[in-house]
Amino acid sequence: MAKLRFQVSMSLDGFIAGPEPSEEHPLGQGGMQLHEWVFELEAWRKPHGREGGEVNASTEVVEESLTNVGATIMGRKMFGGDAGPWGEDPWDGWWGEDPPFHTPVFVLTHHAREPLTKSGGTTFHFVTDGISSALAQAKEAAGGKDVSLGGGANVAQQYLSAGLIDELQLHIVPVLLGDGTRLFDNLAGANNIELELLRVLEARRHPPLLSSRRQLRSGVLRAGLGLKMRVRWGL
């Protein structure tokens, strides 16, 4: 049965993006640190059109995340752009001419827009009638494969609160941001969510660790942690 899968990198203090997001820093101040562990992996670089890269304990996690995915759902901010009408000449978003999805992508928004087709099999569809409609359309487009939930935090919180996420994977990164956007805020009925732990993976990081205010001493908290969980609702 097709699943809705969500994975995200999170700081030790619970943030999935830093403070003060902007066009220059879409993940907020310091937020890019949360994803440095994946940028040097061959498994990440190849789908993004880049050569080389490492193979390590995290490789299997990234390869698995890309397997059997037939569609993606994301919020408008993850696609790119602020709230409000799109305007006469709308921006095409963060993802360039050849986005890494290579599947249909369903963007949740309050403002209608014609589908946007890019190279490599990615077409962005703009959904104005809510998360259930976006999921139904994504599952139909996926043709029996799983649907990936891209985020951001507000969209993930809506799907968690509605009990629609089947699998949650957290990449706990040994970084302290101090402020920003938390994943587990604004969860109505969170006491009805049960998480079944499926896997714990420890993976070493090589770069020095940074907090939002100072550099930590080398050798402290150098291991990241991956948690894979099955999500159940209403137990």
Side-chain angles (χ1 to χ4, degrees), residues 4-41 44 54 56-58 61-62 64-65 73-78 82 94 148-165 167-233:
L4 178 62
R5 295 157 34 186
F6 177 56
Q7 65 166 338
V8 67
S9 292
M10 179 185 294
S11 67
L12 278 177
D13 48 351
F15 297 100
I16 62 172
E20 302 176 14
S22 63
E23 186 171 333
E24 183 179 0
H25 301 287
L27 295 176
Q29 298 294 326
M32 194 61 72
Q33 297 175 78
L34 299 177
H35 304 280
E36 288 177 351
W37 67 273
V38 76
F39 292 152
E40 297 306 317
L41 291 178
W44 183 88
E54 300 177 3
N56 59 32
S58 299
V61 175
V62 175
E64 180 185 271
S65 72
I73 298 172
M74 66 175 60
R76 175 165 174 174
K77 288 185 178 180
M78 185 173 178
D82 295 325
W94 309 109
S148 174
L149 180 60
N154 179 267
V155 169
Q157 289 162 3
Q158 290 183 59
Y159 277 100
L160 274 170
S161 295
L164 296 174
I165 293 179
E167 191 173 282
L168 171 64
Q169 191 156 209
L170 298 179
H171 308 297
I172 309 300
V173 180
V175 165
L176 300 174
L177 293 181
D179 195 5
T181 302
R182 294 186 183 274
L183 175 61
F184 295 118
D185 281 347
N186 308 312
L187 292 181
N191 58 324
N192 291 319
I193 300 173
E194 180 178 294
L195 302 175
E196 176 190 350
L197 187 62
L198 300 177
R199 179 178 65 200
V200 178
L201 175 68
E202 179 181 326
R204 295 287 167 181
R205 301 178 73 241
H206 298 292
L209 303 177
L210 301 176
S211 73
S212 58
R213 295 183 180 176
R214 62 185 176 87
Q215 184 168 331
L216 300 177
R217 289 184 301 166
S218 176
V220 180
L221 293 174
R222 295 185 75 86
L225 191 66
L227 304 175
K228 182 179 179 180
M229 291 162 280
R230 181 178 292 117
V231 183
R232 292 193 177 99
W233 176 261

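Worth saying up front: this structure is predicted, and the values here are computed from it rather than measured. For reference, positions follow the sequence shown, starting with 1.
For Ser148, there are no side-chain hydrogen bond (donor to acceptor under 3.5 Å, both in side chains) partners at least two apart in sequence or on another chain. Taking the salt bridge (Lys or Arg N to Asp or Glu O under 4.0 Å) definition, one finds that Glu64 meets it with Arg199, Lys228, sequence neighbours left out. Applying the salt bridge (Lys or Arg N to Asp or Glu O under 4.0 Å) test to Arg5 and every residue at least two apart in sequence or in another chain returns Asp146. Scanning for side chain to side chain contact (heavy atoms under 4.5 Å, CB included) contacts around Leu27 gives Met32, His35, with sequence neighbours left out. Listed by chain and number, the residues in a side chain to side chain contact (heavy atoms under 4.5 Å, CB included) with Pro19 are Gln29, Asp179 (sequence neighbours excluded). Partners of Glu196 under the salt bridge (Lys or Arg N to Asp or Glu O under 4.0 Å) rule, at least two apart in sequence or in another chain, are Arg230, Arg232. Asp185 pairs by the side chain to side chain contact (heavy atoms under 4.5 Å, CB included) definition with Gln157, Arg182, not counting sequence neighbours. Listed by chain and residue number, Asn154 satisfy the side-chain hydrogen bond (donor to acceptor under 3.5 Å, both in side chains) test with Gln158 (two or more places apart in sequence, or in another chain). Take Ser65 and apply the side-chain hydrogen bond (donor to acceptor under 3.5 Å, both in side chains) test, not counting sequence neighbours, and it matches Gln7. Phe184 pairs by the ring pair (Phe, Tyr, Trp, His ring centres under 6.0 Å) definition with nothing, not counting sequence neighbours.
For the pair Ile73 and Tyr159, the minimum side-chain heavy-atom distance is below 4.5 Å. Considering only heavy atoms from C-beta on, Leu4 stays 4.5 Å or farther from Glu167 through its side chain. By the 4.5 Å heavy-atom criterion applied to side chains, Leu12 and Val175 are not counted as neighbours.
Pairs of residues two or more places apart, or lying in two chains, never qualify as salt bridge (charged side-chain N to carboxylate O under 4.0 Å, His left out) while including a residue from residues 168-177.
Atom CG of residue Leu168 and atom CG of residue Leu197 lie 10.5 Å apart, to the nearest 0.5 angstrom. To the nearest 0.5 Å, atoms OG (Ser11) and CD1 (Ile16) are separated by 9.5 Å.
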- Query: Run the side chain to side chain contact (heavy atoms under 4.5 Å, CB included) check on Leu170 and Leu183 step by step: do they pass?
  - Reply: CA-CA 10 Å; Leu170 298 179; Leu183 175 61; 3.9 Å; yes

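Of all non-hydrogen atoms in Val173 and Leu34, the two that sit nearest each other are CG2-O, 3.4 Å.
Side-chain contact of Ser9 with Trp37: a donor-acceptor pair under 3.5 Å is present, judged by distance alone.
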